[in-house]
Protein chains: 2
Amino acid sequence: MALIGRNAAGKTAQLDDVSKKIIEQLQADGRRSYAEIGKAVGLSEAAVRQRVQKLTDAGVMQVVAVTDPMQLGFYRQAMIGIRATGDTRVLAEQLSAIPAVDYVVLTAGSFDLLVEVVCEDDDELITLLNSQIRSLDGVSSTETFVYLKLHKQFYNWGTR
Amino acid sequence: MALIGRNAAGKTAQLDDVSKKIIEQLQADGRRSYAEIGKAVGLSEAAVRQRVQKLTDAGVMQVVAVTDPMQLGFYRQAMIGIRATGDTRVLAEQLSAIPAVDYVVLTAGSFDLLVEVVCEDDDELITLLNSQIRSLDGVSSTETFVYLKLHKQFYNWGTR
DNA sequence: AGTGAAACGACCGTAGA
DNA sequence: TCTACGGTCGTTTCACT
């Protein structure tokens, strides 16, 4: 077992090849049965279940539904770069609370934060920017990158 | 039933409140049983199963495992803004083929593309930038935003 | 950490409203 | 598009290694 990570509590997380294969199976299809995964990785159903439980509890992995915004009527997505003063963590907290915001990251570089937003249309994006983001205390300036086409999104972090 | 989206084939996708609730259930836990979801939304197990099948087939939703890069030994993430000449779609295709790249989007604004990368450390990031990204034909300049802290990532697009 | 077995519950196909 | 139902398969618990 190779040491691979460190979890939220600071404890080391270990991942052997079998666990990686299990994650790969669930990345391909999150509803695949433990029995089927067991056959694929050479483990009993109970053993697979135990490992999935552990990986989930440790926060290494989670099985969730992800949706396509475009197909749900959200035709306008954008990444917004934010230059800020003051504590960016406070700002990140406030930005996370906005429903249209689905991604917040503190960065080093010419932006202090990057936030991704999902809107129904341009009107909503404009309102969002003016009334909910630029109006926040500590936001110095913003730069908006409207999505023309989401080319590819992978969920296979870590097992590449 | 409200008209909500349009799928890859150009056909309209319709989503009523029940389907939205089903998606919410699976966003909370992708392995929740159809029977349990049925109880929560007031539908039979078979009906839930049918709807999940349809939503999945239409590409509206998919149930997958998502992992935490940090816990898998990828301690360095970054968003890279790219200014380019030529066909950005070709570039997007090439960028998608790089294993460390997990997100590619064509944008309007001062960048033509935004790509998110997942690396083990700074060395890998530097190599990636120089040998795999900036060396691509059509890349004029790049700007890197190193992630200090991924504050929040939501998978609840569309049902907010 | 892993297996195996038995009881239970989930899943799937099909029929019918 | 939904419910109802029966056969099959997956999951759970537990005793054991």
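Order of the sequence lines sets the chain letters (A, B, ...), proteins ahead of strands, with each chain counted from 1.
Not a single donor-acceptor pair under 3.5 Å links the side chain of A:S19 to the backbone N or O of A:L15. In this structure, the side chain of B:E36 does not engage the main chain of B:R32 through any donor-acceptor pair within 3.5 Å.
The minimum heavy-atom distance between A:T144 and A:A78, with the atom names listed, is CG2-CB, 3.9 Å.
Between A:R49 and A:E45 there is a salt bridge, since at least one side-chain N of the basic residue sits less than 4.0 Å from a carboxylate O of the acidic one.
For B:R49, the side-chain atoms get nearest to C:dC11 when compared with the rest of C:dG2, C:dA1, C:dC11. Of the candidates C:dG2, D:dT1, D:dC2, the closest approach to any side-chain atom of A:L43 belongs to C:dG2.
Rounding to whole angstrom units, CD of residue A:Q50 and P of D:dT12 are separated by 12 Å. Going from atom NZ of B:K54 over to atom P of D:dC2 covers 8 Å, rounded to whole Å. With rounding to whole Å, A:L15 atom CG is found 13 Å from C:dA1 atom P. Across the protein-nucleic acid pair, B:I22 atom CD1 and D:dC2 atom P stand 8 Å apart, rounded to whole Å. Taking atom CD on A:Q53 and atom C1' on D:dG10, their separation rounds to 16 Å, with Å as the unit.
For the pair A:E116 and B:Y103, the minimum side-chain heavy-atom distance is below 4.5 Å. Side-chain contact between A:V105 and B:M79 is absent, with no heavy-atom pair separated by less than 4.5 Å.
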Atom pairs under 3.5 Å: protein N/O with N/O of nucleotides 5-10 of chain C:
none

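Open room surrounds CG on A:D137; 12 or fewer heavy atoms of other groups in view lie less than 6.0 Å from it. Other residues, nucleotides and ligands contribute at most 12 non-hydrogen atoms within 6.0 Å of the CG atom of B:D17.
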Which dot-bracket notation, 5' to 3', represents the base pairing of DNA chain C when pairs are defined as Watson-Crick or G-U with both distances under 3.5 Å, crossing pairs as [ ], and inter-strand pairs as |? |.|||||||||||||||
